[in-house]
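We count ligands from 1, going down the list as the structure has it; atoms in each ligand are counted the same way. All values below were derived from every heavy atom in this structure, side-chain atoms included, with hydrogens, water molecules and symmetry-related copies excluded.
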Amino acid sequence: MNRSELARIAQAMVARGKGILAADESTGTIAKRFNAIRLDSTEEHRRAYRELLFTAPGAAESISGVILYDETIRQKTADGTPFPQYLTQQGIVPGIKVDRGAKPLAGFPGDTITEGLDGLRERLIEYHKLGARFAKWRAVIDIAAGVPSAFAIEANAHALARYAALCQENDIVPIVEPEVLMDGAHSIERCEEVTDATLGSVFQHLQAHRIHLEGMVLKPNMVISGKKASEHASPEAVAAATVRCLKRHVPPAVPGIAFLSGGQSPEEATLHLSLINRAGPLPWAVTFSYGRALQETALQAWGGRSTEFKAGQQEFARRARLNGLASTGRYSPEMEKAA
Ligand code: 13P
């Protein structure tokens, strides 16, 4: 493990005014996204869409890193440059999703456990050769009646820490992603309670597994009302609860926190990030690692039409720029109209 190299990469991933693009949708998930624009999910369509995002003029000013999928890290731009190499040339750090998805946790109905530890060391060695300098593992914690169990939180935290240790052993910065889902009908208070328990357990296990905190990035959910809740907490309340929760659990040695968007609309996700960054001095860089909230409007603008390739790129660069501003608290909703 090269500690100074890990710290250098982690800092680059959360460089001021920049954040991470999550473009690591599995083949199944990207098919769902393409379905919304009535586009077949062929390998060439997936490649062309990722090229649209990665080569969007101006986007590199606000994007520090891109999370790739196993298929994507092996693909190339139309002129034959491997994606990881192209991104590195733009000053963007290539990363790779390495978990194999959340599966039902046997014996605990409603809870899931993320799989993918077997053979992970060998896969990390290969991904490093392909150019990846960070990785991502997503634990999924749902909220429902009697869910999550304390045991599921513990099991997922343990797996996250084992993953993180293997990454650091191979000079790959782990993005540690414990996602408390916002899909339910729960209140913001319930989200705070579960996020508190989850982050508490995650940092206990990271410590126990001797993780070098300076060489990791945390990717948490925001503390937010469930999508199906009858009442939704204000953006100010989301920012206050999120900051309170993070301050309780994330040591200042961690260089950065990069949120997932989790089903928030693009504008909500940007506003929340900006308000969080205005909540006074924070001990970590706080930025985005959005999938849907960065891509949704670009995907619509493109619509799978080659004539709209540039329109899709412009929309992606616009969303990236607004989120870059939000990562230093300089975004306001009026910018949506002007931009
Ligand atoms: P969303 O921002 O769409 O939640 O995706 C981020 C991500 O990487 C989830 O694992």
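Results of the salt bridge (Lys or Arg N to Asp or Glu O under 4.0 Å) test with Glu25 over Arg138, Arg46, Arg50 single out Arg50 as the only residue that passes.
Annotation: atom 9 (C) of ligand 1 to nearest protein heavy atom, Glu177 OE2, 3.3 Å. Protein heavy atom in closest approach to atom 10 (O) of ligand 1: Lys136 NZ, 2.5 Å.
Residue contacts with ligand 1: Gly262 is included, with a non-hydrogen atom under 4.0 Å away.
At least one N or O atom of Gly291 sits closer than 3.5 Å to an N or O atom of ligand 1.
Contacts between Ser261 and ligand 1 below 4.0 angstrom, taking non-hydrogen atoms only, involve backbone and side chain alike. Under 4.0 angstrom from ligand 1, the non-hydrogen atoms of Ser289 all belong to its backbone.
By heavy-atom distance, the residue among Glu179, Lys97, Lys219, Arg292 lying nearest atom 8 (O) of ligand 1 is Lys219.
For Gln207, the CD atom counts as loosely surrounded, since its 6.0 Å shell holds 12 or fewer non-hydrogen atoms of other residues, nucleotides or ligands.
Every atom of ligand 1 with a heavy atom of Tyr290 under 4.0 Å away is listed here by number and element: 2 (O).
In summary, Arg248 and Glu192 engage in a salt bridge, as defined by a charged side-chain N under 4.0 Å from a carboxylate O. Contact check on Lys228 versus Asp183 returns no salt bridge, with no Lys/Arg side-chain nitrogen under 4.0 Å from an Asp/Glu carboxylate oxygen. A salt bridge is defined here as a Lys NZ or Arg NE, NH1 or NH2 lying under 4.0 Å from an Asp or Glu carboxylate O, and Glu126 with Arg123 fails to meet this definition.
Remark: the Ser4 side chain and the Asn2 side chain contain an N/O donor-acceptor pair separated by less than 3.5 Å.
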